[in-house]
Protein chains: 2
Amino acid sequence: MNKDGDTEDRIFEAAQAAFHEHGFDGARMADIARRASINQSMLHYYFRTKEQLFDAVFRKAILAVLPPAIAILGEDGPLLAKLERFAHRYVGILQANPHIPAFILFELRRNPEAIGRLAGETAGPVFARFRGDVERAVREGDIRPIEPSHLLANVVGLCVFPFVARPMLQGGLGMGNEAYDGLLRTRADHVADFLRHALRP
Amino acid sequence: MNKDGDTEDRIFEAAQAAFHEHGFDGARMADIARRASINQSMLHYYFRTKEQLFDAVFRKAILAVLPPAIAILGEDGPLLAKLERFAHRYVGILQANPHIPAFILFELRRNPEAIGRLAGETAGPVFARFRGDVERAVREGDIRPIEPSHLLANVVGLCVFPFVARPMLQGGLGMGNEAYDGLLRTRADHVADFLRHALRP
DNA sequence: GTCTATACCTCGATAGAC
DNA sequence: GTCTATCGAGGTATAGAC
């Protein structure tokens, strides 16, 4: 598949493709080696075990998707503008990495507690602050009264769901690949719009 | 685990638990046999192969979740009332089967085309009708202008997402199991409310 | 229908030459 | 660092007695 880059990079990219596609249990070390045009024993030379190779891939996926989102929610300024920025940047990130959300949810089942803890540590403080932001915006009449936890689930879900449920939605809506890509391209604007309407006092 | 019911039922229930928890690749036939307090060769006597046993479990999961949702969207009456009913009944179904959505999304990766086709066949006609309902509601001024495909993704996603992303959301929000269960209990009301506000003209 | 025993294979991991 | 060869565990599936 790929002969560029040094060996470790080739292995990592091949592993990334395999794990994103099949998850930990479904991926095969032999397949990864083949994709990297390399011998299977090299995988162990560089990453010791399948588990460690997976961890490297998973860590990269998390870092690509979580910190940017958290950063936006932690910014200053009016809540509505922030949510709008969030929708645009987050959907943009997901469009650049469309398979990552499903990959993370996939892993969520193998290791719910670990990921829950991780989420608590990294996102916890920002979410707590977000809760405060919402309550203040409500008090000041910027948005209608709403429960912050539900709102957060809404915002994230509206951005992420079309990516993780793509095959089902696309099939159900009778769309082709191009049509659904078009829907994803307009997604950020739609979500921003939807939130603005849903939150107006 | 369970010695009631005839053998085939015991096997099916054990398989259901195992597949829901670990997915096809992660589930083990030996584990299923153990859960059913039965010999491993019995699995093959009743279901031939792991694949066929899985298919039986998957079919049941789809039937538990898809037709009821479709039925609601196909009903008559004003769009907003229908969406409200959808939120309540669908979240109710998911609460009774909280692991099914993740299970289906899981399988979505092993077999995207097949499930896409299935969704197209069963949900396609109803979704097409839903599109018409939305356009009519917009024309008649019942709701503000909105793109039907996006709206459908929103409605389904708002109901489903808190179930599939539970470990991550629960961890991020710093909630315990009881607190998150509470959030899920108020979810239907919240979604109905959120949609009503988001769609008012 | 249910059991035990086992065949057969795939997979992750290692040994050891180069 | 990279290869070939192979080990050993663990997986699905079957054979065959009862």
Side-chain angles (χ1 to χ4, degrees), chain A residues 1-61 99 103-104 106-111 114, chain B residues 1-61 99 103 106-107 109-111 114:
Chain A
M1 181 192 201
N2 188 354
K3 286 230 172 200
D4 300 345
D6 71 0
T7 306
E8 186 165 347
D9 292 346
R10 290 223 313 279
I11 293 176
F12 184 85
E13 282 167 28
Q16 197 165 246
F19 284 131
H20 283 183
E21 191 171 341
H22 299 117
F24 180 84
D25 292 322
R28 295 289 164 253
M29 294 294 269
D31 176 52
I32 293 173
R34 197 186 39 70
R35 292 197 203 220
S37 315
I38 214 164
N39 191 283
Q40 188 170 346
S41 59
M42 287 286 90
L43 307 183
H44 296 95
Y45 179 79
Y46 282 101
F47 293 91
R48 301 287 302 169
T49 67
K50 182 184 184 184
E51 200 91 32
Q52 287 186 44
L53 179 51
F54 179 86
D55 285 349
V57 170
F58 187 70
R59 183 180 317 273
K60 173 150 184 197
H99 31 300
F103 172 60
I104 292 179
F106 211 85
E107 179 59 11
L108 222 51
R109 314 187 64 200
R110 275 207 333 135
N111 224 337
Chain B
M1 179 197 202
N2 188 355
K3 286 228 174 203
D4 301 344
D6 70 1
T7 306
E8 186 167 346
D9 292 346
R10 290 223 314 279
I11 292 176
F12 184 87
E13 280 166 30
Q16 196 165 246
F19 284 131
H20 283 183
E21 192 170 341
H22 299 117
F24 180 84
D25 293 321
R28 295 289 164 250
M29 295 294 268
D31 176 53
I32 294 173
R34 197 186 39 70
R35 293 197 203 219
S37 316
I38 213 165
N39 191 282
Q40 190 169 343
S41 60
M42 288 285 90
L43 308 183
H44 296 95
Y45 178 80
Y46 282 100
F47 293 91
R48 300 287 304 168
T49 67
K50 182 184 184 183
E51 198 91 32
Q52 288 186 43
L53 179 51
F54 179 86
D55 284 349
V57 170
F58 186 70
R59 184 179 316 275
K60 173 151 185 196
H99 30 300
F103 173 61
F106 212 84
E107 177 60 9
R109 315 187 64 201
R110 276 208 331 135
N111 224 337

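Letters A, B, ... mirror the listed sequences (proteins, then strands); counts begin at 1.
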B:F54 and ring pair (Phe, Tyr, Trp, His ring centres under 6.0 Å): which partner among B:F19, B:F106, B:F47?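 Single ring pair (Phe, Tyr, Trp, His ring centres under 6.0 Å) partner of B:F54 among B:F19, B:F106, B:F47: B:F19.
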Kindly indicate, with the supporting measurements, whether the criterion ring-ring contact (aromatic ring centres under 6.0 Å, His included) is fulfilled by A:F103 and A:F58. CA-CA 8 Å; A:F103 172 60; A:F58 187 70; 5.8 Å; yes
Hey, what do you get for CE (A:M29) to NE2 (A:H44), rounding to the nearest 0.5 Å?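 Result: 4.0 Å between the selected atoms.
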Could you state the atom-to-atom distance from [atom1] of [X] to [atom2] of [N] in whole Å?
X     : N      : atom1 : atom2 : value
A:H44 : C:dC11 : NE2   : P     : 13 Å
A:M29 : D:dT6  : CE    : C1'   : 17 Å
B:R34 : D:dT12 : CZ    : P     : 13 Å

So, are A:D31 and A:R35 salt-bridged, with charged N and O less than 4.0 Å apart?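 A salt bridge links A:D31 with A:R35.
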Could you please name the option among [options] that lies closest to any side-chain atom of [X]?
X     : options               : result
A:T7  : D:dT2, D:dT12, C:dG12 : D:dT2
B:S41 : C:dC3, D:dA13, C:dG12 : C:dC3
B:I38 : D:dC3, C:dC3, C:dC11  : C:dC3
A:N39 : D:dT12, D:dC3, C:dA13 : D:dC3

Hey, does the side chain of B:Y46 come within less than 4.0 Å of C:dT2's phosphate (OP1/OP2), counting only N and O?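 The answer is yes; a side-chain N or O of B:Y46 sits under 4.0 Å from OP1 or OP2.
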Any base atoms under 4.0 Å from [X], or only sugar-phosphate, or nothing? Heavy atoms, all strands.
X     : answer
B:A33 : nothing
B:T49 : sugar-phosphate
B:F47 : nothing

